[in-house]
Amino acid sequence: MNCDIKIKNVSNFYGRPIYYINKPFPLMGHIAFGLIDRGTNIIQVRPISTCFHNCIFCSVDSGPNSKFRTSEYIVDEEWLFEWVKNIASIKNDEIEVLIDGVGEPIMHPKIIKLISLIKKIPNVYSIAIETHGGSLSLPLAKKLDKAGLNRINLSIDSYTKEKARYLAGVEWYNSLKILKIASDIIKETNIDIVLTPVVIPEENENEMRYLIEWAKENKAGVKSNYPTGILIQKFEIHHFGRKPKKIKPWSWQRFYSWLKYLENEYDYKLLVKPEDLGFKKSVKIDEPFHINDKIKIKIVGIGWLKNEYLGVDENCIRVISVISKEKINNSTIKAKIIRDKDNIFVARL
């Protein structure tokens with residue numbers, strides 16, 4: 001194989017190794033790190049996979065109490081910038097970069113530098129970051145503002161402090177403090193705040209009312225020219241996610257009916273379409289592999305989840321997660337692609 005790639009274990013996170021991803025490791029193909037392109041003008045950038053929250057409903061089993069994860073990742077900020085710049089040039093549209101992840105992206109030690117680098121890309125008109133807000137502060141926000149951040153998507157799921165701590169899975173989480181900081185950020189920086197809570201049936205339905213009122217009062221979303229300052233998400237059960245006991249997800253019909261009811265009650269926009277938020281179709285990055293393709297893969301480390309390995313194709317253009325109960329580390333194998341959507345690849349022996 002022409003692809004001679006190695007990764008380094010630089011630390012550990014609650015017993016899980018943290019791999020440092022650097023040049024020439026490809027940054028497309030994995031859901032936990034790098035870039036994700038879904039054929040729109042939004043590029044998802046995932047710089048780190050760790051998280052210090054333990055949300056009881058976490059769809060990706062993130063945080064110290066993870067049951068399924070076997071490793072974590074952190075990406076070199078300059079290498080990440082090179083990939084963002086390249087993908088943005090291919091799309092040749094006005095691009096929004098959304099820094100999100102399967103963890104807490106603000107945990108990346110060079111997050112300010114990463115944002116300042118991305119800001120230099122000519123066709124990037126907006127940079128947003130998702131956070132649960134546990135480490136958010138006004139001094140940090142001012143640095144992020146100076147670096148070029150435009151919006152914070154604040155994933156806060158309760159106004160009430162006790163309920164918020166229960167949902168976040170950590171005793172130190174203080175929703176009232178976080179919302180006060182968010183209010184100050186709107187007032188004292190150029191950064192916009194948009195709330196992105198998850199509504200969990202029988203847990204925090206009424207909490208959404210407080211958050212709607214906060215969004216209205218603080219004019220959340222106005223700087224982004226959004227029709228709303230709160231984008232309420234529907235709770236879903238995922239295979240490797242956490243499943244709160246006795247909680248059944250709503251149907252989409254019930255969810256939308258509930259949003260419509262609150263929208264009328266508060267005279268505030270809650271039902272929005274992707275195009276209302278600036279989403280539009282754009283050039284989709286070609287997928288080099290497809291389902292049922294059998295390809296050579298170099299295994300370079302253990303995978304993100306149990307019974308999974310981290311691999312790269314023979315030309316070093318994509319990352320591939322390989323499912324295997326057999327030990328195949330430090331080997332070259334041939335495996336069949338079983339997932340190819342959005343350039344995220346999973347293969348099986």
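Positions are given from 1, in the same order as the sequence printed here.
At least one donor-acceptor pair closer than 3.5 Å links the side chain of R339 to the backbone N or O of I344. Looking only at distances, no side-chain donor or acceptor of N218 sits under 3.5 Å from a matching main-chain atom of S183. Within the 3.5 Å criterion, the main-chain N or O of Y309 finds no donor-acceptor partner in the side chain of N329. Side chain of D76 to backbone of E78: a donor-acceptor contact under 3.5 angstrom is found.
Y173 and H53 have perpendicular rings, their planes meeting at more than 60° on a 0 to 90° scale where under 30° would count as parallel. Y210 and Y159 have parallel rings, their planes meeting at less than 30° on a 0 to 90° scale where 60° marks the start of perpendicular. Between H30 and F33, the two ring planes are parallel [angle under 30°; tilted spans 30° to 60°].
For OH of Y14, the number of neighbouring non-hydrogen atoms (other residues, nucleotides, ligands) closer than 6.0 Å is 12 at most. Enclosure of atom CD in E275 by more than 12 non-hydrogen atoms of other residues, nucleotides or ligands within 6.0 angstrom is indicated. K110 NZ: 12 or fewer foreign heavy atoms inside a 6.0 Å radius.
Ion pairing between E188 and K142 holds under the 4.0 Å rule for side-chain N and carboxylate O. Ionic pairing of E263 and K260 is present here: one or more N-O contacts between side-chain nitrogen and carboxylate oxygen are shorter than 4.0 angstrom. For E96 and R151, the salt-bridge test passes: some basic side-chain N is under 4.0 Å from an acidic carboxylate O. Classification of K296 and D313 as a salt-bridged pair fails, no side-chain N sitting under 4.0 Å from a carboxylate O. Between K248 and E202 there is no salt bridge, since no side-chain nitrogen of the basic residue lies less than 4.0 Å from a carboxylate oxygen of the acidic one. Salt-bridge formation is detected for the pair E236/K234: a Lys NZ or Arg NE/NH1/NH2 atom is positioned less than 4.0 Å from an Asp or Glu carboxylate oxygen.
Partners of R69 by salt bridge (charged side-chain N to carboxylate O under 4.0 Å, His left out), not counting sequence neighbours, listed by chain and number: E72. Listed by chain and residue number, nothing satisfies the side chain to side chain donor-acceptor pair (under 3.5 Å) test with R165 (two or more places apart in sequence, or in another chain).
F52 has its ring centre less than 6.0 Å from the ring centre of W172.
With 3.5 Å as the limit, one finds no donor-acceptor pair spanning the side chains of Y226 and D276. D93 and S282 share a donor-acceptor pair across their side chains, judged by distance under 3.5 Å alone.
Applying the ring-ring contact (aromatic ring centres under 6.0 Å, His included) test to pairs two or more places apart or on separate chains, those with a residue in residues 256-293 are W250-W258, W252-Y256, F289-F345.
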